[in-house]
Amino acid sequence: MTRGCLLCIKITMFIFNLIFWLGGCGILGVGVWLAVTQGKFATLSVSFPSLSAASLFMVTGSIIMVVGFIGCLGAVTEHRCLLLTFFVILLIIFLLEMVSMTLFLTYTEQFHNYAQEDLKKGLQLYNTTGNLGLTNAWDIVQTEFRCCGVKNASDWLETKDSVPHTCCAEHSPACKSNPSLWWQDACYNKVRKWVETNIQSVGIFGICILVVQVFGLIFSMLMYCQVVKAEKYYE
């Protein structure tokens with residue numbers, strides 16, 4: 001009976017960990033896609049030049065893949081140490097995810113205010129020596145999203161004598177001195193809307209991963225207990 005339960009849990013845990021591992025591959029793939037297509041946004045931040053959605057997705061995906069592999073290996077070999085290691089690592093990851101999600105939802109407005117102020121600081125470095133990446137990033141963002149400044153065009157005028165040429169809806173010699181020819185939308189709001197539009201599918205995917213994690217925790221502990229019982233039985 002104990003062996004039959006162990007076999008059933010073993011197969012179920014292997015399947016869930018395989019799904020978990022594939023989910024990690026998917027998250028890693030999203031990170032690579034963001035790095036290739038929207039990686040230019042990462043250089044807009046002055047405080048965290050290397051921190052971006054792409055890097056977070058890639059790191060998270062890689063960790064999930066490693067944890068999923070440990071879970072699959074533990075299920076196949078029925079090794080107590082691997083099963084317990086998998087449970088502890090997965091529990092820590094799950095708790096960190098819950099804490100991060102709670103903090104973000106609680107301090108959403110503070111996060112957006114800090115991000116906007118950080119981006120405004122970066123405007124001072126626009127078109128200066130050693131900041132070609134930031135300069136190109138702002139040019140690309142303002143051109144693609146048809147926007148100007150973090151909150152509005154006046155952000156540029158607080159640090160520069162005029163707005164960049166990418167703020168111009170129509171390129172002409174008089175554009176920089178004629179506000180009526182500038183893009184009127186704020187870049188932060190337009191990028192935020194773009195992220196919110198595309199994050200829904202990612203959010204659904206993330207919820208599925210959380211569900212798989214819960215089942216992984218349950219089945220890993222059940223299998224660990226069954227392995228201990230089976231070892232005592234055969235002793």
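Note that this is a predicted model, so its numbers are computed, not measured. Worth knowing before you read on, the calculation uses all heavy atoms, side chains too, and leaves out hydrogens, waters and symmetry mates.
Between the CD1 atom in I15 and the CZ atom in F219 there is a gap of 9.5 Å [rounded to 0.5 Å]. If you take CG on L83 and SG on C225, they are separated by 10.0 Å, rounding to the nearest 0.5 Å. Taken to the nearest 0.5 Å, the OG atom of S100 stands 11.5 Å off from the CD1 atom of I93. Going from atom OG1 of T166 over to atom CD of E144 covers 11.5 Å, rounded to the nearest 0.5 Å. With values rounded to the nearest 0.5 angstrom, W21 atom CH2 is found 10.5 Å from F14 atom CZ.
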What verdict does the side-chain contact (heavy atoms from CB on, under 4.5 Å) test give for E117 and V150, after you've listed the backbone C-alpha separation in whole Å, the side-chain angles of each residue and the deciding distance to 0.1 Å? CA-CA 9 Å; E117 291 303 316; V150 180; over 6 Å; no
Apply the test side-chain contact (heavy atoms from CB on, under 4.5 Å) to residues C175 and H165: give CA-CA distance (whole Å), side-chain angles for both, the deciding distance (0.1 Å), then the verdict. CA-CA 8 Å; C175 171; H165 67 280; over 6 Å; no
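Between V67 and N17, the closest heavy-atom pair is O-OD1, 4.5 Å. The minimum heavy-atom distance linking Q184 with P179 is given by the pair NE2-O, 3.3 Å. For A186 against K151, the heavy-atom pair with the smallest separation is CB-O, 2.9 Å. Across every non-hydrogen atom of Y188 and A115, the tightest pair is OH-CB, 3.7 Å. When every heavy atom of C147 is checked against every heavy atom of K190, the shortest pair comes out as CB-CD, 4.1 Å. In terms of heavy atoms, M58 sits closest to L28 at O-CD1, 3.6 Å.
By the criterion of side-chain heavy atoms lying less than 4.5 angstrom apart, applied directly or through intervening Ile, Leu, Val, Met, Phe, Trp or Tyr residues, W194 is not grouped with W183; the two fall into different hydrophobic clusters. V163 and L181 are not part of a single hydrophobic cluster, where members link through side-chain heavy atoms under 4.5 Å apart.
Contact check for F87 versus L91: side-chain heavy atoms found under the 4.5 Å cut-off. Proximity of Y224 to M221: side-chain heavy atoms (C-beta onward) are separated by under 4.5 Å at one or more points. By the 4.5 Å heavy-atom criterion applied to side chains, F145 and D185 are not counted as neighbours. In this structure the side chain of L217 never reaches within 4.5 angstrom of the side chain of Q213, judged on heavy atoms. A heavy-atom distance below 4.5 Å is found between the side chains of M98 and L210. T159 places none of its side-chain heavy atoms less than 4.5 Å from the side chain of K121.
Note on ring orientation: taking the six-membered ring where Trp is involved, the planes of F215 and F16 are parallel (angle under 30°, cut-offs 30° and 60°).
Applying the salt bridge (Lys or Arg N to Asp or Glu O under 4.0 Å) test to K120 and every residue at least two apart in sequence or in another chain returns D155, E158.
Residue Y126 places its OH atom among more than 12 non-hydrogen atoms of other residues, nucleotides or ligands, all under 6.0 Å distant. Heavy atoms of other residues, nucleotides or ligands lying less than 6.0 angstrom from NZ of K193 number 12 at most.
SG atoms of C148 and C187 are separated by 2.5 angstrom or more, inconsistent with a disulfide link.
The six-membered or imidazole ring of W156 lies away from that of W182, with a centre-to-centre distance of 6.0 Å or more.
Under a 4.5 Å side-chain heavy-atom criterion applied to ILVMFWY residues, the cluster that includes L103 comprises V99, Y107 as well.
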